[in-house]
Amino acid sequence: MMTIQILPDDVISQIAAGEVVERPASVVKELIENALDAGATHLHIEVVAGGQKRIRISDDGAGILSDEVILALTRHATSKLRSATDLQHLRTLGFRGEALSSIAAVSHTMLITRHRDESVGTQIRIEGGHIVNEKPIGAPAGTVLTIENLFYNTPARLKFLKSETTEKRNINAIVMNYAMAYPTVRFVLVHDGREIFRSGGSGQLADVVVKVLGLDYFKEMIEVEGEERIRETGDSITVTGFVSQPSLHRKDRTRIILFVNGRVVQDSGLTYAVTQAYHNLLDKGRNPYAVLMISVPTDFVDVNVHPTKAEVRFQNTNVVFSAVQRAVRQGVIGFSQSERHSHYAAHEVSTTGSAWALPYDRNRQMDMEMPLDELAHAGTIHTGDDIQDIPEGIGRPEKPRTLPLLRVVGQIGAAYIVAEGPAGLYLIDQHAAHTRVLYQELTELLGQQEQMPQRQIESQTIDVTTNEAKILEKHLEILEKLGFVLEAFGVSTFLIRGIPAILKTGDITQHVWSLLEILAEKSSSPLQDRLLIHIAAQAAVKAGQLLNEDDMKSLVRKLERCPDPLSSPNGQATLIHMSADQLQRQFMRGNN
Ligand code: ADP
Ligand code: MG
């Protein structure tokens, strides 16, 4: 038994840190909030190794007065709150004075700041909560916080960190959410030296939403606007933002993003209000996309109910519920009615008009077309690369041809496509060709995003040998990158939670057995490549599948611009070419 003693300060700080900063993403969140509270108009966020190595946030906000720097790093020191009654009128994101001290207690922190009213700034280094160095320094007005080696002194926390990919994804979501909540502020997010998101600070929510969802999805969004009076006070609650047309939906509710007074909130009641508004317009089990800004009087909401402030409490939940439901309902109904008049009604809501009001053919995706663009948006990660060129218009430039233009004649044996080109006859193996095309597309996709889109599935368990368990364990990261989400569950059991979105559900455990085979292979070609080839081959059409003309044309069009169109990635021939000469010789033979 130990005697009772008051804990030393640094232990208290470490415990407190556990509540506020449970992971790199929470550090990013707290520092963004501080920068926004300081009135920043430009935030630059750099992350290395999912935030574990380094997180650096630079802002052009007010900065910290030199004689308050130490105070800012002290627990329960805040400039945003003076008394408990202030809690009822909060206009700032922070108020507890816990974040900086907590973060500094569990990392190597460097703070460089200059208050805009002072001519000299301050640089201060803190390791595990202890100041190791402080000095005046020349710096632009604003603040730069660099957090390195997070949790280096709390091994237990370190052990429970999620994978780098998961953490990146969380950070992306946080940055994008704040970018949407603060459309006047410019956000730049860089992971490992690569810029993956940027918002322009135009002040238009639509401009940010288009960056977050991608243009194709944005075109299927409806703008909503609603207001509800609080009877007792006469104040109003407003709801503005975007929700998806009934044609755009997904399985989970993760893309229903709700903000209350500029703060992202998780509130199953309000989320339900959104889905309710679609009533019978969505199939069971399907959920819309939504980005909604709910604005309520500050004294109507209590934000001080959750350590990370993710939940809030309203004085009267019903009014907020009905405000949300009505605003969304009105938007959706209004859209459905106007759609009867104009097929492109949705584009008229586009707030910035012109460039985005291009007609959009919702049937453009044929069965066989790998909806890669959609897949790219379906995952939780959305990298900036493919949306950065939005102003230039839709679609990427066509890739160079690698085969001549082919005319599809038909299909034979439910396995081969017959085509004609300027140089004779082509017989195309549909499976090999489709595997080649998909492999190419997946490789390109992985070049642009750090993770393949996943399909979440009802978890299934699979029992493996201890040896196989070791093999799987060793490769969980790369498997997750490719879309397979496996989780150890006991000694030799795994939970399968997700598969690459491109794969059909079918026999899920079979996927894992095949993966095991590939992982155990001795081969000189890179593992990721071998896995990608496997995924492509699994997803490709099989021999024996009847294809309609559009399917065949679409496949052939893609093959024509595929590098290495002549063989599948596992070396099988994709096509047999007979030149007109060869054909003629064949037929002439008998005549000689
Ligand atoms: P809180 O945000 O709850 O006040 P923090 O520990 O996050 O607590 O920050 C403590 C104080 O440090 C803040 O109240 C603010 O005065 C100051 N501060 C923190 N970050 C910044 C920043 N980026 N720019 C200006 N001041 C800051
Ligand atoms: Mg704060």
Side-chain angles (χ1 to χ4, degrees), residues 9 12-22 24-46 55-84 86-87 89-107 109-118 120-126 129 131 134 137 139-147 150 174-175 178 181-182 185-188 261-264 298 302-310:
D9 255 0
I12 295 181
S13 305
Q14 279 193 14
I15 295 174
E19 283 169 32
V20 194
V21 285
E22 42 174 6
S26 27
V27 172
V28 173
K29 171 178 180 293
E30 292 295 334
L31 299 186
I32 290 178
E33 291 192 350
N34 281 347
L36 291 171
D37 282 346
T41 62
H42 191 175
L43 264 79
H44 193 92
I45 302 145
E46 274 170 70
I55 296 168
R56 174 176 293 150
I57 301 196
S58 326
D59 70 58
D60 62 352
I64 306 175
L65 290 166
S66 51
D67 56 5
E68 289 192 348
V69 169
I70 303 277
L71 209 52
L73 291 156
T74 311
R75 202 147 45 90
H76 303 309
T78 177
S79 55
K80 302 167 193 172
L81 185 69
R82 289 291 175 253
S83 68
D86 286 352
L87 274 175
H89 311 283
L90 277 176
R91 301 203 167 272
T92 52
L93 292 162
F95 52 85
R96 297 197 185 112
E98 280 179 334
L100 280 193
S101 61
S102 303
I103 293 166
V106 291
S107 68
T109 292
M110 161 92 97
L111 166 66
I112 296 177
T113 185
R114 178 169 73 79
H115 194 271
R116 54 169 73 117
D117 296 338
E118 294 183 327
V120 178
T122 310
Q123 171 183 309
I124 185 164
R125 284 191 62 89
I126 300 156
I131 298 173
E134 187 194 351
I137 193 172
T143 303
V144 183
L145 261 156
T146 310
I147 314 300
L150 187 65
I174 283 171
V175 173
Y178 280 106
Y182 291 80
V185 177
R186 285 192 291 156
F187 284 79
V188 178
N261 293 355
R263 204 187 282 281
V264 182
T298 46
D302 184 0
V303 291
N304 193 25
V305 292
H306 191 267
T308 62
K309 306 167 218 149

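Counting starts at 1 for both ligands and their atoms, in listed order. Predicted model, so just to flag it, every value in this text is computed and none were measured.
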ask   = Is the shortest distance from a heavy atom of E30 to ligand 1 less than 4.0 Å?
value =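 Under 4.0 Å: no for E30.
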query = Any heavy atom of A62 sitting closer than 4.0 Å to ligand 1?
reply = no
Under 4.0 Å from a heavy atom of [X]: give me the atoms of ligand 1 that qualify, with their elements.
| X | value |
| --- | --- |
| A72 | 10 (C), 12 (O) |
| E98 | 6 (O), 8 (O) |
| A38 | 24 (N), 25 (C) |

Taking all atoms of both residues into account, what is the closest heavy-atom pair of [X] and [Y], and its distance?
| X | Y | value |
| --- | --- | --- |
| A181 | G262 | CB-O, 3.8 Å |
| D60 | A40 | OD1-CA, 3.3 Å |
| R114 | E118 | NH1-O, 2.6 Å |

inquiry  = Could you work out, for atom 17 (C) of ligand 1, the closest of I64, L73, I32, T113 by heavy-atom distance?
reply    = I64
task = Pick whichever of I57, L31, L100, N34 has a heavy atom sitting closest to atom 21 (C) of ligand 1.
result =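 Among I57, L31, L100, N34, the closest heavy atom to atom 21 (C) of ligand 1 comes from N34.
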ask   = Of D59, T113, I103, L100, which is the lone residue that meets side chain to side chain contact (heavy atoms under 4.5 Å, CB included) with L145?
value =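 That would be L100.
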query = Taking only residues two or more places apart in sequence, or in another chain, which ones meet R186 in a side-chain contact (heavy atoms from CB on, under 4.5 Å)?
reply = H42
All side-chain contact (heavy atoms from CB on, under 4.5 Å) counterparts of A104, not counting sequence neighbours = L73, T109, I126
ask   = Any N/O of D59 closer than 3.5 Å to an N/O of ligand 1?
value = yes
